[in-house]
Amino acid sequence: MEAAAVDLRSDTINVAAVVRALLEHASDGQPTAIGFPGAVDIDYTPVLPLFGRLFNNVGDPQSDPGGSAHTKVLERAVVDWCADLLALPDDDRWGYVTAGGTEGNLAALHAAHRRHPNAVVYHSRAAHYSIGKIVDIIGARHELVDVDERGEMDYQHLAALVGRSGRRPAIVVATAGTTMTEAVDDPARVDAVLREAGVDRRHVHVDAALAGIPLALDGVLTLAQGSGVDSVSLSGHKFFGTPIPCGLVLMRDSIRRPGRRVAYTATLDTTVSGSRCGQAAALLWCAIAAHGRDGHRARTARARDLAGYAVEQLTAIGWPAWRHPHAFTVVLATPPAAVTRKWLLATDGPWSHTICMPGVTRGQIDALVADLQTASRNGMPVPQQRRGPQTVTAQHAGASGP
Ligand SMILES: Cc1ncc(COP(=O)(O)O)c(C=O)c1O
């Protein structure tokens, strides 16, 4: 869009035309937007009437502000549904709807740091960039843990780093669905490393922005007593594909930041943000109400099937590609720039990815494969199969990247 059309110094702005142009631009890009993990199959129109006014879920979800313009009743339902799914004990659970995965990580790591102010934070090289930023914000010491060739934490390296810090408290960030390869770190193996090193004062946080709900539906990710996991952060706009960015953080109530009562909002100040988007809670509630556990399991299965299909089709034309068995993410040898640009494929050197989120179709995968076939026919050598990336710090290409 022309900058002149939106220049606020002009006195001839046509707001409706600008909105129409933005929508058209986004819709034009939609068929080839398969590099960013946002589902597009859930109908949110029932919630749209709420967008005509302010709904402010200020403060703790358990304390209602004065007035009626909030959606905390829905927020509490969302927190409970997710806490049940993750088997967080009924009598010791807490969470809230965040502005996204980063805020969930911040809330969890801040709580962890309050528990263990002298802790070293360990996170892998494949952890999301928000983790390094949060370590900086909370002022903790940190250590970078290596990953294997498919992006999963190297537990031997973790053990070596923990060993070097003596029995100093540890905060370990595991990722459930790394940004580039959707690798999943195993909290049980992290727990074993900490136990063997005799580290009793510890907090294990799982950044499960992408794969948290699917893995919890599989029974693989849990916050149950004895799981060794203390907190989890989830994204709302990825698996649920909410039309605004949001997320959820969960932990035991006994370890959250206590927060103080704020007289003028009549709420408890336990959350990172004060004012929070009431519509976000309503969107998450809508996604859960409309599909339930079975519906979301079916969405997961269809998306994984499509990812399997994508690997088959790419392999059939000789294009190196692979995926983790649970993953929506298909890692493929990096195509020529014109192809990565068109399909908004995230790229990290020799490897790129496409993500078969719910709502992505076989037609889109077939069209991508056809473009790759054309690229290789036009003299583009098909990249040799290589091992996966060692470090995964990819930036998503294009406007809809994170
Ligand atoms: C593993 C992981 N954690 C955290 C985030 C951050 O989420 P947000 O952009 O919602 O803050 C992302 C987003 O890509 C992610 O992939």
Side-chain angles (χ1 to χ4, degrees), residues 33-39 82 95-110 112 121 123-137 144-145 147 150-153 172-187 204-216 221 229 231-250 271-273 276-277 280-281 283-284 287 324 326-331 344-348 352-357 389 391-402:
I34 58 172
F36 178 71
C82 292
Y96 74 94
V97 172
T98 63
T102 299
E103 184 183 337
N105 287 335
L106 174 57
L109 292 179
H110 187 221
V121 178
H123 66 85
S124 89
R125 294 182 188 280
H128 186 254
Y129 65 85
S130 63
I131 302 299
K133 179 167 58 182
I134 291 163
V135 164
D136 193 36
I137 292 170
L144 264 185
V145 186
V147 291
R150 292 192 162 213
E152 183 175 346
M153 183 178 281
V172 183
V173 180
T175 309
T178 60
T179 312
M180 194 61 198
T181 67
E182 209 176 321
V184 175
D185 300 331
D186 183 353
V204 177
H205 171 62
V206 181
D207 175 1
L210 170 58
I213 296 289
L215 292 176
L221 178 63
V229 179
S231 54
V232 167
S233 170
L234 305 166
S235 170
H237 51 285
K238 292 191 170 77
F239 179 68
F240 290 130
T242 55
I244 56 173
C246 63
L248 190 88
V249 63
L250 288 170
T271 52
V272 171
S273 297
R276 294 182 299 107
C277 178
L283 290 165
L284 290 170
H324 290 285
H326 60 268
F328 304 141
T329 302
V330 173
V331 183
L344 301 181
L345 306 182
T347 293
D348 181 37
S352 297
H353 76 213
T354 177
I355 310 196
C356 296
M357 294 305 286
T391 57
V392 271
T393 53
Q395 298 293 321
H396 282 260
S400 57

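A quick note: this is a predicted structure, and the numbers were derived from the prediction, not measured. Start at 1 and go down the list; that is how both ligands and their atoms are numbered.
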Answer side chain, backbone, both or neither: which part of Ser235 comes under 4.0 Å from ligand 1, heavy atoms only.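 None of Ser235 does.
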Name all residues meeting the ring pair (Phe, Tyr, Trp, His ring centres under 6.0 Å) criterion together with His326; count only those two or more places apart in sequence or in a different chain, and write none if there are none.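 In terms of ring pair (Phe, Tyr, Trp, His ring centres under 6.0 Å), with neighbours along the sequence ignored, His326 is linked to His324.
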Side-chain donor-acceptor contact under 3.5 Å, Glu182 with Thr329: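 Note: Glu182 and Thr329 side chains meet the donor-acceptor criterion.
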Report the member of Thr178, Val173, Asp207 with the shortest heavy-atom distance to atom 1 (C) of ligand 1.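 The option holding the nearest heavy atom is Asp207.
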Which of these, Glu182, His237, His128, has its nearest heavy atom closest to atom 15 (C) of ligand 1?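 Among Glu182, His237, His128, the closest heavy atom to atom 15 (C) of ligand 1 comes from His128.
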Close side-chain approach of Leu109 to Ile131, heavy-atom, < 4.5 Å: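 In short, these two side chains touch, coming nearer than 4.5 Å.
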Can you sort out which atoms of ligand 1 are near Thr102, meaning under 4.0 Å from one of its heavy atoms?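 Ligand 1 atoms under the 4.0 Å threshold to Thr102: 6 (C), 7 (O), 8 (P), 11 (O).
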Between Lys238 and ligand 1, is there a nitrogen or oxygen pair with a distance under 3.5 Å?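 Yes; the residue has a nitrogen or oxygen that sits under 3.5 Å from a nitrogen or oxygen of the ligand.
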Using distance alone, determine whether Asn105 and ligand 1 share an N or O pair under 3.5 Å.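 By distance alone, the answer is no.
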Contact between ligand 1 and Gly177 is defined here as a heavy atom of the residue under 4.0 Å from a ligand atom; is it met?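 Contact check Gly177 vs ligand 1: positive.
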Taking all non-hydrogen atoms of both residues, which atom of Phe328 and which atom of Met357 are closest, and how far apart?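 Nearest pair, atom of Phe328 first, then Met357: CD1-SD, 3.6 Å.
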So which atom in Ala107 and which in Val249 form the shortest heavy-atom distance, rounded to 0.1 Å?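 Closest approach of Ala107 to Val249, heavy atoms only: CB-CG1, 4.2 Å.
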With sequence neighbours excluded, residues passing side-chain hydrogen bond (donor to acceptor under 3.5 Å, both in side chains) with Asn105: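 Partners of Asn105 by the side-chain hydrogen bond (donor to acceptor under 3.5 Å, both in side chains) criterion, ordered by chain and then number, come out as Ser130, His205, Asp207.
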